[in-house]
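So you know, we letter chains A, B, ... as the sequences are listed, proteins then strands, and number each from 1.
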Amino acid sequence: EVQLLESGGGWVQPGGSLRLSCAASGFTFNSHAMAWVRQAPGKGLEWISIISGSGSSTSYADAVKGRFTISRDKSKNTMFLDMNSLRAGDTAVYYCAKDRGPLTVVRGLIIPVFESWGQGTLVTVSS
Amino acid sequence: QAALTQPASVSGSPGQSITISCAGLSSDVETYKVVSWYQQHAGKAPKLIIYEVTKRPSGVSDRFSGSKSGNTASLTISGLQAEDEADYYCYSYAGGSAWFGGGTKVTVL
């Protein structure tokens with residue numbers, strides 16, 4: 001059974017940093033792209049970043065480009081999201097998600113099918 | 001600011017069929033079939049219900065079906081049930097990036 005467990009959320013002041021983790025189990029981690037999707041309170045879903053199975057390819061939504069960095073550690077079956085220069089608008093539940101595969105790339109952008117989701121971790125950016 | 005447009009809400013009575021639209025798809029979707037749909041119950045994580053425009057994952061009810069016409073994808077729920085009351089999101093490629101639609105709240109009357 002696929003399991004995705006996010007951690008690392010919490011409260012941070014504007015301008016601060018936070019690292020989210022997503023521990024994965026139940027599938028061959030290196031064979032699947034992984035992504036982060038967030039949801040602000042009372043709002044819709046927003047895709048923010050994706051990383052290929054090998055880790056060699058990454059993409060970011062414009063809203064976080066230059067501030068967030070996605071990575072993965074195959075030895076730990078874990079994906080990370082390093083978030084810097086956080087703003088109030090980054091307040092959201094952050095979900096990690098596993099791509100169904102095989103990889104689909106449209107004009108250089110990985111377009112995943114979010115087959116499995118974690119339960120999310122809440123990030124609150126406030127002074 | 002979603003590039004994909006969904007109706008904010010759709011409602012129906014038990015047993016009826018409803019359709020949720022997702023407008024603004026890229027013409028590349030015709031080639032790559034990159035349309036998926038997600039169901040999210042209140043306070044829960046989203047769940048994949050349709051991928052590659054028309055395919056259903058194992059375990060998803062056949063009351064859910066997907067289609068596409070031109071630059072608009074659609075999700076149809078047949079034989080509406082109380083448990084279908086949830087938010088629904090499309091996801092696809094448009095305007096050079098990937099987007100979720102704004103979401104549609106389905107209410108079972």
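- Note: A:Y95 OH to B:Q40 CD = 5.0 Å, rounded to the nearest 0.5 Å.
- In the hydrophobic clustering of ILVMFWY residues, with side-chain heavy atoms under 4.5 Å counting as a link, B:W99 and A:I48 come out apart.
- Within the 4.5 angstrom heavy-atom criterion, atoms from both the backbone and the side chain of B:P46 approach chain A.
- Ring-plane geometry between B:Y38 and A:W117 is classed as perpendicular, the angle between the planes exceeding 60 degrees on a 0 to 90 degree scale with a lower cut at 30.
- B:Y51 and A:R100 get closest at one heavy-atom pair: OH-NH2, 2.8 Å.
- The nearest pair of heavy atoms linking A:R107 to B:D28 is NE-OD2, 2.7 Å.
- Distance check, rounded to the nearest 0.5 Å: OH of B:Y93 to CD1 of A:I111 gives 7.0 Å.
- Of all the heavy atoms in A:W47 and B:A98, the pair that sits closest is CE3-O, 3.8 Å.
- Considering every non-hydrogen atom in both B:Y89 and A:G44, the closest pair reads OH-CA, 3.4 Å.
- Using a 4.5 Å cut-off between heavy atoms, B:K44 contacts chain A through its backbone alone, with no side-chain atom that close.
- Hydrophobic clustering (side-chain heavy atoms under 4.5 Å, transitive across Ile, Leu, Val, Met, Phe, Trp, Tyr) keeps A:L103 apart from A:W36.
- Taking hydrophobic clusters as Ile, Leu, Val, Met, Phe, Trp and Tyr residues chained together by side-chain heavy-atom distances below 4.5 Å, A:V64 does not share a cluster with A:I50.
- Linking ILVMFWY residues whenever their side-chain heavy atoms come closer than 4.5 Å, directly or via other members, places A:F68 and A:V12 in the same cluster.
- With a threshold of 4.5 angstrom between heavy atoms, A:V93 does not approach chain B through any atom at all.
- The cluster map of Ile, Leu, Val, Met, Phe, Trp and Tyr, joined by side-chain heavy atoms under 4.5 Å apart, puts A:F114 and A:V106 in the same cluster.
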Step by step, would you call B:Y91 with A:L45 a side-chain contact (heavy atoms from CB on, under 4.5 Å)?
CA-CA 9 Å; B:Y91 179 78; A:L45 301 174; over 6 Å; no
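- The minimum heavy-atom distance linking A:G118 with B:A45 is given by the pair O-CB, 3.2 Å.
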